[in-house]
Amino acid sequence: MDETQDAPVGEPKPEAESAQPTDLAAGDTSGPGEVERWKRMSRENEKRWKQASRELEEIRQAQMTEQEKAIEAARSEARRSTLAEVGTSLAEAEIRAQSAAAGVAVPTDYLDLTRFVGEDGRANREAVSAFITSLPQPQEQEPEFPQLMGTGHHRSGGNDISSMDPNELADFIAGGSFI
C-alpha cells in the first residue's frame, strides 16, 4: 500500500518534502557553491511562502461577509492614513541619519518628504540613499584654528606645585616661585 494514500488531505506528500537539490544528498558542506545553494533554496522557500500567504488571503477574502469586508476596508484605510502621517517623519529621520553618515548637511524644511515614503507608509531607504548620493560631497576645509604643536601634559622645570592651596597658587602665579 502506498504511503501517500494514508496521508490526510491537508498535509503535503512526502515526495514534495524531499524535493532537495542533488548536491545536498551528496553531502557537500563546504565551498562557495554551498552558499549559493542555500541562497537559492531560501529564495525558493520565500516564493512559496509568499504564494501560500497570497492564497490564504484570497480564501479569507472569499469567506468574509459584507460587514467583515467593510470592517477590513476601514482598518486598512486607517492603517494607510496613520502611516501616511507618520511616514514623512520617518522619511525625515532617515534622511537625517543617512546625511549625517555621509557628512552632508541636508535642510529638510523645503523637501517634499512624501517622495521618500514608500507604498507601505515607511521611509524608502533606496530613494533616500539615491538622494543623498546625488548631493555634492563636502570639500575638505582647513581647520578654523591652527593645530597647536606640543599641547598636552608637560613636565615643569622644577617648580612642582604640591598642593592646590589658594595662597600657594597665588604666590606661584605672582612671582613665578613659591615664597
Worksheet item: Crowded around Q67 CD? As in, over 12 foreign heavy atoms under 6.0 Å?
Response: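 No, the 6.0 Å shell around CD holds no more than 12 heavy atoms from other groups.
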Practice prompt. Give, for atom OG of S53 and atom CZ of R48, the distance between the pair rounded to the nearest 0.5 Å.
Written response: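 Output value for this atom pair is 13.0 Å.
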Discussion item. Taking E34 first and then R37, would you say they form a salt bridge - that is, a charged N and a carboxylate O separated by under 4.0 Å?
Written reply: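 Yes, E34 and R37 are salt-bridged.
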Practice prompt. In plain terms, say whether E58 and R54 are close enough for a salt bridge, that is, a side-chain N and a carboxylate O under 4.0 Å apart.
Written response: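 Judged by the 4.0 Å cut-off on N to carboxylate O distance, E58 and R54 do not form a salt bridge.
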Under the side chain to side chain contact (heavy atoms under 4.5 Å, CB included) test, which residues partner [X], sequence neighbours left out?
{"X": "K39", "value": "V35, E36, R43"}
{"X": "L90", "value": "V86, A123"}
{"X": "D112", "value": "T114, R115"}

Practice prompt. Under 4.5 Å between side-chain heavy atoms, chaining through other members, with only Ile, Leu, Val, Met, Phe, Trp and Tyr counted: pull out the rest of the cluster around L111, sorted by chain and number.
Written response: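 Besides L111, the hydrophobic cluster comprises I95, V104, V106, L113, F116, V128, F131, I132, L135, listed by chain and residue number.
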Worksheet item: Got a sec, which hydrophobics cluster with L56, joining ILVMFWY side chains under 4.5 Å apart, including via others?
Response: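 Reading the cluster by chain and number, L56 sits alone, since nothing else belongs.
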Fill in: Inter- and intrachain pairs under side-chain hydrogen bond (donor to acceptor under 3.5 Å, both in side chains), touching residues 69-82, at least two apart
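Every pair satisfying side-chain hydrogen bond (donor to acceptor under 3.5 Å, both in side chains) with a residue in residues 69-82: E77-R80.
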Discussion item. So does S129 get a backbone contact from the side chain of Q98, meaning a donor-acceptor N/O pair under 3.5 Å?
Written reply: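 The answer is yes, because a donor-acceptor pair under 3.5 Å joins these two groups.
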Item to complete: Evaluate the side-chain proximity of R122 to V117: yes if any heavy-atom separation is below 4.5 Å, no if none is.
Response: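 Heavy-atom side-chain distance check fails, nothing below 4.5 Å.
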